[in-house]
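First the structure, in the form of structure tokens, and then the observations on it.
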Amino acid sequence: MTVVTRFPPSPTGRLHIGSARTALFNWLYARHHGGRMALRIEDTDRKRSTQEAIDAILDGLTWLGLDWDGDIVFQTRNAERHAAVAKELIDAGKAYHCYCTPEELKEMRESARAAGRPALYDRRWRDRDPADAPAGVDPVVRIKMPQCGKTTIPDLVQGDVTIANEQLDDFILLRADGTPTYMLSVVVDDHDMGITHIIRGDDHLNNAFRQLHLFRAMDWPVPAFGHIPLIHGADGQKLSKRHGALGVEEYRAMGFLPEAMRNYLLRLGWSHGDEEIISTEQAVAWFDLDRVGRSPARFDLAKLESLNAHYLKESSNTRLVEMIVPLIETTHDVSIDDNGRTRLARGMEGLKPRAKTLLDLAQNAAFYVIRPRFPLENAKAAKLLKEPAIAILADTAAALSAAVSWKSDDIESVLRAFGEEHDLGLGKVAQPLRAALTGSNASPSLFEVMEILGPEETIARIRAVPGVLPNS
RNA sequence: GACCCCAUCGUCUAGAGGCCUAGGACACCGGCCUUUCACGCCGGCAACGCGGGUUCGAAUCCCGCUGGGGUCACCA
């Protein structure tokens with residue numbers, strides 16, 4: 001049997017970080033077993049579904065590198081089929097019309113809860129004579145669920161989960177307006193699409209019991225279920241807006257690499273011994289549901305950052321340059337030419353180990369293509385450019401102008417010799433220079449920076465420091 | 001409230017009765033390296049929620065408690 005999984009987002013917002021992990025697990029499971037992953041847009045809630053959300057979800061998946069097999073299925077397009085199944089169930093005596101009003105149902109739930117009973121529909125129309133139907137009320141269609149006994153779901157993640165059938169009520173298949181509910185649509189589509197494995201968030205575990213009976217009522221094979229725990233915020237509460245970013249798009253904007261995101265999401269609730277850095281190839285080879293943990297995991301930004309820093313270091317310089325150029329261009333309103341790109345690429349080796357995100361990288365790299373502006377905004381750096389540093393800088397510029405070679409090793413020799421000559425520690429010489437050249441008190445190796453900047457630019461930047469030029 | 005699920009360092013986790021003096025990673029704290037900041041390397045702090053069983057032996061099995069989470073819509 002070929003494994004067919006599915007990822008079924010509701011297009012009501014961004015691709016949520018938890019959904020992204022669900023998609024990843026479905027994708028990995030399908031790939032691991034040589035199967036397929038289908039993508040289905042669950043747009044049955046027409047009021048809240050938007051094209052914008054669909055695009056955002058597709059973009060998010062694409063960015064993460066999670067592709068799907070076959071055409072995208074739009075659930076609303078199958079509405080007629082869903083309704084036909086409901087009719088079939090009515091004809092078979094497995095479903096019926098219910099004429100309860102919303103108020104009636106609300107009252108029913110409230111009194112049930114007050115009595116300490118499960119807040120379920122009391123099946124009052126299940127065996128009632130259809131002739132009793134009140135005039136002018138459009139009925140909903142409800143399925144007949146078993147009223148006694150137990151139902152067990154052999155869950156691939158949670159193990160066997162059993163519930164008493166009294167906990168299951170005759171849920172609605174078709175709304176009063178004739179449109180199918182989620183519960184019906186999902187089951188019909190999963191069947192029609194040949195889904196063999198339903199891997200989804202833990203919040204759907206209760207639905208699985210209802211869906212299981214719907215599969216049985218239609219005499220359809222029941223897919224395997226795997227309910228993975230949800231991701232929680234750092235405080236252990238359900239992930240919500242107050243926890244900050246929720247959509248993968250936002251993490252992308254924060255400068256995270258897709259491979260870091262993938263690795264992080266994978267390790268959240270899943271493990272393979274002590275492995276931490278896991279490539280997609282390894283993930284496909286190793287992934288299976290039995291290694292998925294059963295307790296909810298908290299989202300830890302620091303760990304994501306650390307993984308991102310790792311992948312940043314592994315990335316090629318050209319890839320990184322292409323990713324940060326637009327960032328530098330927009331924040332500084334400049335246009336970076338090929339020369340600038342070359343400088344950035346050469347500087348990347350020294351920049352990479354100093355960044356956690358692409359945003360850091362772009363910010364730290366900007367000086368290679370943009371001259372510092374005086375007075376410096378960076379307070380610590382500005383402090384480095386006070387006397388006697390200005391005088392030292394002027395002398396340094398002079399010494400540098402006389403340099404025969406502009407290789408970093410040679411520049412270092414020149415500066416060390418200069419320091420000894422003037423009885424100054426290297427720090428006294430280097431720090432003001434760093435501030436003058438990079439506008440910051442922290443940067444990659446100064447000698448490397450100077451080599452990349454080149455002699456003209458280096459000298460020009462030193463002379464641009466207020467107070468230096470007259471002495472040089 | 002009812003039902004279901006879960007429970008190892010601050011966080012993610014390893015651990016499938018003796019390999020556990022509980023391992024790794026992130027974070028944190030020291031140190032080394034060093035022109036700065038990082039990276040890297042070395043070291044440190046830090047956990048089996050509680051109470052009962054079962055067993056020669058329990059983080060691992062069972063029960064209870066406590067704590068956390070999920071679900072209870074003509075939403076998905």
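Proteins get letters first, then strands, A, B, ... in listed order; numbering begins at 1 in each. Given the structure is predicted, the values throughout are model-derived calculations rather than measurements.
- Across every strand in view, B/C65 sits in a pair with B/G49 that passes the Watson-Crick or G-U test at under 3.5 angstrom.
- Across all strands, A/His204 comes closer than 4.0 Å to base atoms (heavy-atom distances).
- One finds a side-chain N or O of A/Ser271 lying less than 4.0 angstrom from the OP1 or OP2 phosphate oxygen of B/A14.
- With hydrogens and angles ignored, the 3.5 Å screen pairs no side-chain donor or acceptor of A/Asp410 with any backbone N or O of A/Trp406.
- Rounded to an integer number of Å, the gap from A/Arg354 CZ to B/C37 P is 10 Å.
- Looking at every heavy atom in both residues, A/Glu451 comes nearest to A/Ser408 through OE1-N, 2.7 Å.
- In this structure, A/Arg200 reaches neither bases nor backbone, as no heavy-atom distance under 4.0 Å exists between it and the strands shown.
- Near RNA chain B, defined here as any heavy-atom distance below 4.0 Å, the residues from residues 429-442 of chain A are A/Ala430, A/Gln431, A/Arg434, A/Asn441, A/Ala442, listed numerically.
- In this structure, A/Lys428 reaches neither bases nor backbone, as no heavy-atom distance under 4.0 Å exists between it and the strands shown.
- Within the 3.5 Å criterion, the main-chain N or O of A/Gly454 finds a donor-acceptor partner in the side chain of A/Thr458.
- Heavy atoms of A/Arg109 sit under 4.0 angstrom from primed sugar atoms or phosphate atoms, though from no base atom.
- Between A/Tyr99 and A/Trp125, the distance separating the two ring centers is shorter than 6.0 angstrom.
- We find that CZ of A/Arg294 is positioned 20 Å from P of B/G69, with the value rounded to whole Å.
- Donor-acceptor pairing under 3.5 Å, judged by distance alone, is absent between the side chain of A/Asn364 and the base of B/A38.
- In this structure, OH of A/Tyr121 is placed 21 Å from C1' of B/U71, rounded to the nearest angstrom.
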For every nucleotide of nucleotides 23-29 of chain B, 5' to 3': is a protein heavy atom under 4.0 Å from its base (B), only from its sugar-phosphate (S), or from neither (-)?
BBBS---

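- For the pair A/Arg142 and A/Tyr121, the cation-pi test (distance below 6.0 Å, angle within 45°) is passed.
- Side chains of A/Leu205 and A/Arg200 form no contact here, defined as non-hydrogen atoms less than 4.5 Å apart.
- Every residue was checked against the salt bridge (Lys or Arg N to Asp or Glu O under 4.0 Å) condition with A/Lys144, not counting sequence neighbours, and none meets it.
- Residue contacts shown for A/Thr44 are limited to sugar-phosphate atoms, with no base heavy atom under 4.0 Å away.
- Residue-environment remark: CD (A/Gln363) stays at or below the threshold of 12 foreign heavy atoms within 6.0 Å.
- Between A/Lys313 and B/G40 there is a side-chain N or O to OP1 or OP2 distance below 4.0 Å.
- Residue-environment remark: CZ (A/Arg14) stays at or below the threshold of 12 foreign heavy atoms within 6.0 Å.
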